Amino acid sequence: MPRFFVPPSVLCSEYVRLDGDAARHIARSLRMAEGDRLTLCDGEGNDFACRIVGFSKDTVDVKIDSKAVNKAEPPYRATLFQCIAKGEKMDYIVQKSVELGVFAIVPVESERTIVRLDRVLAGKKRERWQRISEEAACQCGRGIVPKIHSPVPFDEAVRLAAGYELSLFCYECEKESLLKDRLNGMCTDLSFFVGPEGGFSEKEAKTALENRLVPVSLGNRILRTESASGYLLSALSFAWEMQ
């Protein structure tokens with residue numbers, strides 16, 4: 001069933017008028033008709049089952065039939081601190097991380113990050129990644145649209161991560177601390193760091209340790225930057241959702 005995110009204020013009455021991109025997509029791309037059903041989501045974890053009752057040139061009118069709590073959200077909030085990847089890899093990381101349950105993504109500029117964004121380009125990239133996040137959230141039935149934050153330097157990212165209940169630092173040089181050992185007890189608010197194509201530097205690893213981030217190994221195989229977040233989010237889901 002088609003799914004659209006709308007502001008909570010729009011859903012305060014029985015009848016809702018949709019306009020803009022949502023209306024165009026319903027009428028022109030999906031070619032829906034009166035009586036067809038769709039789901040509206042307030043972005044706060046609530047789903048509204050609706051049916052189309054009318055069209056105009058630029059709007060679509062729907063009637064809300066019922067409201068339910070979204071069941072697709074994980075019981076934890078996992079924030080990804082992702083060092084910016086080059087090319088279309090970052091688009092892929094955002095899309096798949098949202099599908100796998102990430103709560104938010106903070107792009108990070110690290111020592112070995114290849115892509116360097118000025119203020120204007122960073123803003124445009126963030127807007128693009130946010131659109132990808134919303135599209136992925138619609139596709140996989142999420143109850144929220146994960147927020148994509150503005151890029152931050154590595155040192156600032158580490159300071160932000162210090163405020164989480166658990167902050168993991170995925171580091172290929174770590175040999176003793178395994179991810180599975182950190183998932184024994186439920187954690188509701190956590191973050192994790194994934195490095196760029198060249199990995200984290202020794203200096204960055206030292207900074208992470210000094211700020212009490214927990215270094216973890218993701219196993220015997222070194223993962224690409226576009227694979228690591230999906231691996232960890234899948235492990236979280238298995239450990240805390242599938243048992």
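Not measured: the values here are computed from a predicted model.
Side-chain atoms of Asn70 and Asn46, non-hydrogen and from C-beta on, never get closer than 4.5 Å to each other. Using a 4.5 Å cut-off on side-chain heavy atoms (C-beta onward), Val108 and Ile84 make no contact. Side-chain contact between Pro74 and Phe103 is absent, with no heavy atoms from C-beta onward closer than 4.5 Å. Between Asp91 and Trp129, the closest side-chain pair of non-hydrogen atoms falls below 4.5 Å. Side-chain contact between Asp155 and Val158 is absent, with no heavy-atom pair separated by less than 4.5 Å. The side-chain heavy atoms of Ile26 and Phe4, taken from C-beta on, include a pair separated by under 4.5 Å. Between Arg182 and Leu168, the closest side-chain pair of non-hydrogen atoms falls below 4.5 Å. Using a 4.5 Å cut-off on side-chain heavy atoms (C-beta onward), Ile105 and His149 make no contact.
We find the CD-CD distance between Glu226 and Gln95 to be 13.0 Å, quoted to the nearest 0.5 Å. Note that CZ of Arg24 is 4.5 Å distant from CG of Asp21, once rounded to the nearest 0.5 Å. Rounding to the nearest 0.5 Å gives a distance of 11.0 Å between CG of Asp181 and CD of Glu176. The CG atom of Asp42 sits 5.0 Å away from the CZ atom of Phe48 when rounded to the nearest 0.5 Å. Atom CD of residue Glu127 and atom OG of residue Ser150 lie 9.5 Å apart, to the nearest 0.5 angstrom. Here the straight-line distance linking atom CZ of Arg3 with atom SG of Cys50 works out to 11.0 Å at 0.5 Å rounding.
The hydrophobic cluster containing Leu178 does not contain Val216, counting ILVMFWY residues as joined when their side-chain heavy atoms lie under 4.5 angstrom apart, directly or transitively. Residues Phe169 and Leu223 fall into different hydrophobic clusters, defined by Ile, Leu, Val, Met, Phe, Trp and Tyr side chains chained together at heavy-atom separations under 4.5 Å. Residues Leu40 and Val145 are members of separate hydrophobic clusters, defined by side-chain heavy-atom contacts under 4.5 angstrom among Ile, Leu, Val, Met, Phe, Trp and Tyr. Linking ILVMFWY side-chain heavy atoms closer than 4.5 Å, directly or via other members, places Ile93 and Leu232 in a single hydrophobic cluster. Linking ILVMFWY side-chain heavy atoms closer than 4.5 Å, directly or via other members, places Leu18 and Ile52 in a single hydrophobic cluster.
Comment: Lys67 does not engage Asp47 in a salt bridge, judged by the lack of any side-chain N to carboxylate O separation of less than 4.0 angstrom. Using a 4.0 Å cut-off between charged nitrogen and carboxylate oxygen, Lys96 and Glu99 count as a salt-bridge pair. Salt bridge Arg77/Asp189: absent, no basic N to carboxylate O contact under 4.0 Å. Between Lys203 and Glu111, none of the side-chain N atoms (NZ, or NE/NH1/NH2) sits under 4.0 Å from a carboxylate O, so this pair counts as no salt bridge.
No donor-acceptor contact under 3.5 angstrom links the side chains of Thr225 and Glu197, judged on distance only. A donor-acceptor contact closer than 3.5 angstrom links the side chains of Ser110 and Thr113.
The backbone N or O of Phe200 sits less than 3.5 Å from a side-chain atom of Arg112, completing a donor-acceptor pair. At least one donor-acceptor pair closer than 3.5 Å links the side chain of Gln130 to the backbone N or O of Ile148.
With Leu80 as reference, Ser97 is the one residue of Ser191, Pro107, Pro146, Ser97 to meet the side chain to side chain contact (heavy atoms under 4.5 Å, CB included) rule.
Residue Val98 comes nearest to Ser133 through the heavy atom pair CG2-OG, 3.6 Å, listed as atom of the first residue, atom of the second, then distance.
Applying the side-chain hydrogen bond (donor to acceptor under 3.5 Å, both in side chains) definition to pairs two or more places apart or across chains, those involving residues 50-60 are Arg51-Asp65, Ser56-Thr59. Pairs engaging residues 77-96 under the ring-ring contact (aromatic ring centres under 6.0 Å, His included) rule: Phe81-Phe193 [sequence neighbours left out].
Here Ala78 pairs with Tyr76, Leu190, Phe192, Leu233, Leu236 under the side-chain contact (heavy atoms from CB on, under 4.5 Å) rule; sequence neighbours left out.
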